[in-house]
Amino acid sequence: MLEPGQIESLDRTSIPRLRMPQRAEVFSVRAARLRQLADGHPLGDYLRLMAALVDAQQRVLDNFQPERPSVESIEQAQRHCMPLVPATGGYDAGRWQPLLTPLLDVVAAQPDLPAPVRGVLDRIRATDPATLEAGALSLLAGHGKGVDAASAPFLMAALQVLWTGVASTFDAGEVPMLDVPNVCPVCGTLPVASVVRIGGAHEGYRYLACGLCSTEWHMVRVKCTHCEASEHVAYHVVDKSGDAAVSNAQALAAANANANANANANANAEAEAEADVAKAADGRPKLDEAAKRVASSPIRAESCDDCHSYRKIFYQDKDPFVEPVADDLASLALDVLMGEAGYARANGNPLLWQNTEDA
């Protein structure tokens, strides 16, 4: 039986460390998921608008030839365990602005585009380059201060195309392993959410998902993705009826073990370790109704009582079509629940921004 700390010591050489963005489909997959989620959703119109924007990202990316950093820059990042193209390190140097106009053009060509949205696009077009650059730097810093919330997703979309494009040129072997495991090893950005994947070598492993460059990197489960604590992690869900449930990590792991009793061993290396932690004194899994409800949900909020923050975690074995940015955006009811419970989002979604005071 594995002790709690032994989850950390699972053989990392057997786990694919990275999932690099697939240039040909990264945004089209997200757009399709947004449209699927929009059906019958209270925010359906916004999700469909974002789907149109993400479709535009794919079209622009298809015609974009990104410039990789120099060999010297890559070697320096590898030597010092630093992100290859850090979001706040000046890599963009104005490269993103030429991507903005074609994005706006594709969105503007949508039939029946609401007048307020068209007004936002016109306002962005009329903004001078220096102001746009200042806004981009604010968005890359993660706070969006001084940027109109309605304009922010469109500016961020161009930045995503730039960073996703360059990330797609790297092989996994070129990407250094950082000393800080909860930031993207390609661009240094915090993850928007995490996903437990299915299929092939990635089966059963949890990956953090970058909202800027679309890279995913492995982190063990039952561990806070913000402060890396593991003792006070819990999971929260809101079901279709609007009812909430919460389960601690140990009870949830037992429920997972019970539900996946016949799953293949390779698919659940980490899940089995979690279940070992959750065994009762007599060796039987500890099950409770809340844990069962949480374990059956494809969307959960993973909270930590050490740092009082949370991120969402999605499970492909419960819904094979989950996409971290799209599903995070479409599950705002869970964000409301977490806010009422006293937890703060570790960071935001690139397709949704709030107006902030200049400071």
Side-chain angles (χ1 to χ4, degrees), residues 34 37-38 40-47 49-50 138-139 141-150 152-153 156 182-183 189-195 206 208-212 219 221-249 251-252 290-291 293-315 318-319 322-359:
L34 284 164
L37 293 168
H41 196 286
L43 297 176
D45 288 344
Y46 187 76
L47 295 178
L49 173 62
M50 290 300 101
S138 179
L139 295 175
H143 51 71
K145 291 179 180 177
V147 182
D148 173 36
M156 193 67 188
N182 57 355
V183 299
T189 299
L190 292 169
V192 65
S194 67
V195 188
R206 190 256 285 270
L208 305 185
C210 180
L212 179 62
M219 176 179 272
R221 291 191 249 171
V222 194
K223 185 173 186 177
C224 176
T225 61
H226 188 62
C227 74
E228 301 179 59
S230 57
E231 292 185 4
H232 303 110
V233 173
Y235 297 87
H236 312 247
V237 302
V238 176
D239 61 26
K240 292 181 179 180
S241 67
D243 293 331
V246 59
S247 175
N248 63 36
L252 176 59
R293 288 177 58 196
V294 173
S296 67
S297 175
I299 303 174
R300 309 169 198 171
E302 183 179 62
S303 69
C304 174
D305 281 346
D306 286 311
C307 66
H308 300 285
S309 71
Y310 74 95
R311 278 194 181 90
K312 292 172 195 167
I313 178 169
F314 305 105
Y315 293 78
K318 304 296 188 297
D319 183 344
V322 292
E323 198 285 330
V325 173
D327 281 83
D328 179 66
L329 182 63
S331 54
L332 294 182
L334 187 51
D335 292 294
V336 173
L337 167 72
M338 298 306 293
E340 292 175 346
Y343 296 99
R345 272 190 70 113
N347 62 297
N349 186 294
L351 299 180
L352 183 66
W353 296 79
Q354 295 181 345
N355 283 318
T356 58
E357 296 293 327
D358 292 329

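Remember, it's a predicted structure, so these values are computed and weren't measured experimentally.
- Aromatic pair Y310/H236: centroids not less than 6.0 angstrom apart.
- Residues Y235 and I313 have side chains in contact (heavy-atom distance under 4.5 Å, counting atoms from C-beta outward).
- Distance CG/L332 to CG/L337: 12.5 Å, rounded to 0.5 Å.
- Side-chain atoms of M50 and P153, non-hydrogen and from C-beta on, do get closer than 4.5 Å to each other.
- Using a 4.0 Å cut-off between charged side-chain N and carboxylate O, K312 and D335 make a salt bridge.
- Across all their heavy atoms, A301 and L334 have their closest contact at N-CD2, 3.6 Å.
- Looking only at side-chain heavy atoms (C-beta outward), Y343 and D305 come within less than 4.5 Å of each other.
- To the nearest 0.5 Å, the span separating CG on D319 from CD1 on I299 amounts to 7.5 Å.
- Scanning both residues, A149 and Q354, for their nearest heavy atoms gives CB-C, 3.9 Å.
- In this structure, the side chains of L34 and L351 come closer than 4.5 Å at one or more pairs of heavy atoms.
- Residue L139 comes nearest to G144 through the heavy atom pair CD2-CA, 3.9 Å, listed as atom of the first residue, atom of the second, then distance.
- With values rounded to the nearest 0.5 angstrom, C304 atom SG is found 9.5 Å from E231 atom CD.
- When all heavy atoms of V233 and C224 are compared, the closest pair comes out as CG2-N, 4.0 Å.
- E302 pairs in a salt bridge (charged side-chain N to carboxylate O under 4.0 Å, His left out) with only one of the listed residues (K223, R206, R311), which is R206.
- Contact record, F314 with P324: CE1-O, 3.7 Å, taken as the closest heavy-atom pair.
- Among all heavy-atom pairs drawn from K318 and S297, the shortest one is CG-O, 4.0 Å.
- Summarising the geometry, atom SG belonging to C307 is positioned 5.0 Å from atom NE2 belonging to H226; distances are rounded to the nearest 0.5 Å.
- The distance from atom SG of C227 to atom NE2 of H232, rounded to the nearest 0.5 Å, is 10.5 Å.
- A donor-acceptor distance shorter than 3.5 angstrom exists from the side chain of N349 to the backbone of V325, with no hydrogens or angles considered.
- Of the inter-residue distances, the one linking R300 atom CZ with S331 atom OG reads 13.5 Å to the nearest 0.5 angstrom.
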